[in-house]
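Beneath this line is the structure, given in structure tokens, with notes to follow.
Each chain gets a letter, A, B and so on, in the order the sequences are listed, and its residues count up from 1. Quick caveat, the model's predicted, so the values are computed rather than measured.
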Number of protein chains: 2
Amino acid sequence: MELPPIVQSFVLHFGEMGSRWGINRTVGQIYALLYVSSEPLCADQIVEKLGISRSNVSMSLRELQGWNLVVLKHLPDDRRDFFTTPDDIWQILRTLAEERKKREIDPTMTVLREILMQSPTGEAERYAQDRMADMYGLIEQLTNWYDDVKQLETDRLATLLALGAKVTRLLETKDRIVSFGRGRHSGKKDGESA
Amino acid sequence: MELPPIVQSFVLHFGEMGSRWGINRTVGQIYALLYVSSEPLCADQIVEKLGISRSNVSMSLRELQGWNLVVLKHLPDDRRDFFTTPDDIWQILRTLAEERKKREIDPTMTVLREILMQSPTGEAERYAQDRMADMYGLIEQLTNWYDDVKQLETDRLATLLALGAKVTRLLETKDRIVSFGRGRHSGKKDGESA
DNA sequence: TCGAAGTTTCAGTAATTTCTGAAATTTCAA
DNA sequence: TTGAAATTTCAGAAATTACTGAAACTTCGA
């Protein structure tokens, strides 16, 4: 592997973390390399920089394309494919969230839906189904929130993030204003500060 | 495996999904089984229900304890450990978020911090470091938000979720009120509706 | 202290996943 | 068409991860 030390640490780390993130070492390394490269790279350049086989690079790039995490570029008068990652890191985040949801959550929701359609035959099944319904409900709340928030433009999303838990204070303010306008007070207590 | 069909589908699904979720098949199956069981189970009961070796159960339970995903219970006059999952599914969600952050994000932030402390020696390194700084900054925003909202009580968190992107409309309302109070108008356009 | 019940450890094996090199396929200019 | 460049496929090898059974350990009552 022939890389500047800074880049090398980053690439090796992504390789090691790969398994925790649901991708394999090579895929992680290639992604890291593309992410920190200012110019798009072709497969043979990746082979050279990472010291892995051509076929492994080919398969890993295919997998990254499956995740929509890489962008193809072409140079004039050059048949080779060149690869980069999107410049906009928020876009990368959105893609990652979408793809992980697709792989890690959607299949479970499908299975839960199927199971919840069946009628339980005994007490144990009834209890199990109730628990699964709880799980289904919670995930549904989370994914509804996600579907809602993912539509936001980046700067609004950033505002929302920066606000964090303070939003609840805002909510209380609104409650007060609204109930004042309606001539009555909400029952909520209101003691929190900074 | 001797289980009601509904429970069996659920358990097998969790086993299959395990690899995508960063746990192995057995760990996934055991967790699923405990989650849908109304009573705590001891290791031998798990062996029997899932048809796997005693030692595998022991190691997998240990791993689940490492994730803080199981609760130990004891019966009077019985030395055996019995295991369950917490009843409160929001608590499970919090634990899961915390542990995944610890395993999937924190190590990367440590590596990024270390790399960003070094001085780049050339143009390529400089570019790479800038990209890493972008990544660091984004993850920092996300984790700050997370640290903030994880403090919320469950019902407030649920309110926040239900609100979703509508929060931005609330923000605009507040902007209007505040700027009205200060005797001037914000520059933001305001055309969005339901 | 003994021994029975329960649990964990660990070396070896099984299963799975990743990676490679060689062969096959695609693409495109001449 | 032909063939050179680029890419993909895939069977098997290599590496990694998961699982088991046997032995070791722990706990606690008698």
Side-chain angles (χ1 to χ4, degrees), chain A residues 1 11-34 40-67 70-84 103-104, chain B residues 1 11-34 40-67 70-84 103-104:
Chain A
M1 193 186 285
V11 164
L12 291 178
H13 175 75
F14 264 59
E16 285 163 14
M17 293 300 284
S19 51
R20 299 194 189 179
W21 296 336
I23 57 177
N24 69 32
R25 185 176 42 208
T26 307
V27 173
Q29 288 185 355
I30 292 178
Y31 184 79
L33 177 63
L34 295 178
L41 301 177
C42 71
D44 283 317
Q45 291 173 304
I46 297 170
V47 166
E48 191 154 327
K49 284 178 194 270
L50 298 183
I52 55 182
S53 76
R54 184 62 181 73
S55 54
N56 195 4
V57 170
S58 177
M59 289 190 304
S60 301
L61 284 171
R62 168 169 291 269
E63 172 142 13
L64 283 171
Q65 284 176 277
W67 278 80
V70 291
V71 177
L72 256 99
K73 300 260 169 169
H74 286 101
L75 301 182
D77 300 323
D78 192 329
R79 266 163 56 197
R80 292 173 299 176
D81 290 335
F82 286 78
F83 298 86
T84 0
R103 287 167 175 75
E104 300 184 9
Chain B
M1 194 184 286
V11 164
L12 291 178
H13 175 75
F14 264 59
E16 285 163 14
M17 293 300 283
S19 52
R20 299 195 189 178
W21 296 335
I23 57 176
N24 69 34
R25 184 175 44 206
T26 308
V27 173
Q29 288 185 355
I30 292 178
Y31 185 79
L33 177 63
L34 295 178
L41 301 177
C42 71
D44 284 317
Q45 290 173 304
I46 297 171
V47 166
E48 191 154 326
K49 285 180 195 266
L50 299 183
I52 56 183
S53 76
R54 184 63 181 73
S55 54
N56 194 6
V57 169
S58 177
M59 289 191 303
S60 301
L61 284 171
R62 169 167 292 267
E63 172 142 13
L64 283 171
Q65 285 176 277
W67 279 80
V70 291
V71 177
L72 256 100
K73 301 259 171 172
H74 286 101
L75 302 181
D77 300 323
D78 193 329
R79 266 161 58 195
R80 292 173 297 175
D81 290 335
F82 286 79
F83 298 86
T84 358
R103 288 167 174 74
E104 300 184 11

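Under the rule for a salt bridge (charged side-chain N to carboxylate O under 4.0 Å, His left out), R79(A) has no partner lying at least two apart in sequence or in another chain. Under the ring-ring contact (aromatic ring centres under 6.0 Å, His included) criterion, F14(A) pairs with F10(A), W21(A), not counting sequence neighbours. With sequence neighbours left out, R80(A) forms a salt bridge (charged side-chain N to carboxylate O under 4.0 Å, His left out) with D78(A). R62(A) pairs by the side-chain hydrogen bond (donor to acceptor under 3.5 Å, both in side chains) definition with nothing, not counting sequence neighbours. With sequence neighbours excluded, the residues forming a side-chain hydrogen bond (donor to acceptor under 3.5 Å, both in side chains) with S53(A) are S55(A), listed by chain and number. Residues forming a salt bridge (charged side-chain N to carboxylate O under 4.0 Å, His left out) with E104(A) (at least two apart in sequence, or on another chain): R100(A), R100(B). In this structure, D77(A) has no salt bridge (charged side-chain N to carboxylate O under 4.0 Å, His left out) partners at least two apart in sequence or on a different chain.
Sequence order on DNA chain D of the closest nucleotides to T26(B) and A43(A) puts A43(A) first from the 5' end.
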Taking only distance into account, with no hydrogens and no angle test, what donor-acceptor pairs under 3.5 Å do side-chain atoms of residues 22-30 of chain A form with protein atoms, sequence neighbours excluded?
residue: N24(A); atom: OD1; partner: T26(A); partner atom: N; Å: 3.2
residue: N24(A); atom: OD1; partner: V27(A); partner atom: N; Å: 3.0
residue: T26(A); atom: OG1; partner: N56(A); partner atom: ND2; Å: 3.1

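Atoms NE2 and CG, on H74(A) and D81(A) in that order, are 4.0 Å from each other to the nearest 0.5 Å.
Side-chain atoms of E16(B) never come within 3.5 Å of backbone atoms of H13(B) as a donor-acceptor pair (strictly under, hydrogens ignored).
Using a 4.0 Å heavy-atom cutoff across all strands shown, N56(A) reaches at least one base atom of the nucleic acid.
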Review item, nucleotides 9-14 of chain C N/O atoms under 3.5 Å of protein N/O:
residue: dT9(C); atom: OP2; partner: R62(B); partner atom: NE; Å: 3.4

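What you find for R103(B) and G66(B) is that their closest heavy atoms are NH2-O, 3.6 Å.
V71(B) is not listed as a side-chain neighbour of F83(B), based on a closest heavy-atom distance of 4.5 Å or more. For the pair L72(B) and F82(B), the minimum side-chain heavy-atom distance is 4.5 Å or more.
Contacts between residues 77-84 of chain A and DNA chain D, defined by a heavy-atom separation below 4.0 Å, involve R79(A), R80(A), D81(A), listed by number. DNA chain D lies under 4.0 Å from no heavy atom of any residue of residues 13-21 of chain A.
Between the CG atom of D44(B) and the C1' atom of dA4(C) there is a distance of 14 Å, rounded to whole Å. Atom CG of L50(A) and atom P of dT18(C) are 17 Å apart (whole Å).
Taking the 5' to 3' direction, DNA chain D first and last meets chain B under 4.0 angstrom from a heavy atom at dA18(D) to dC28(D).
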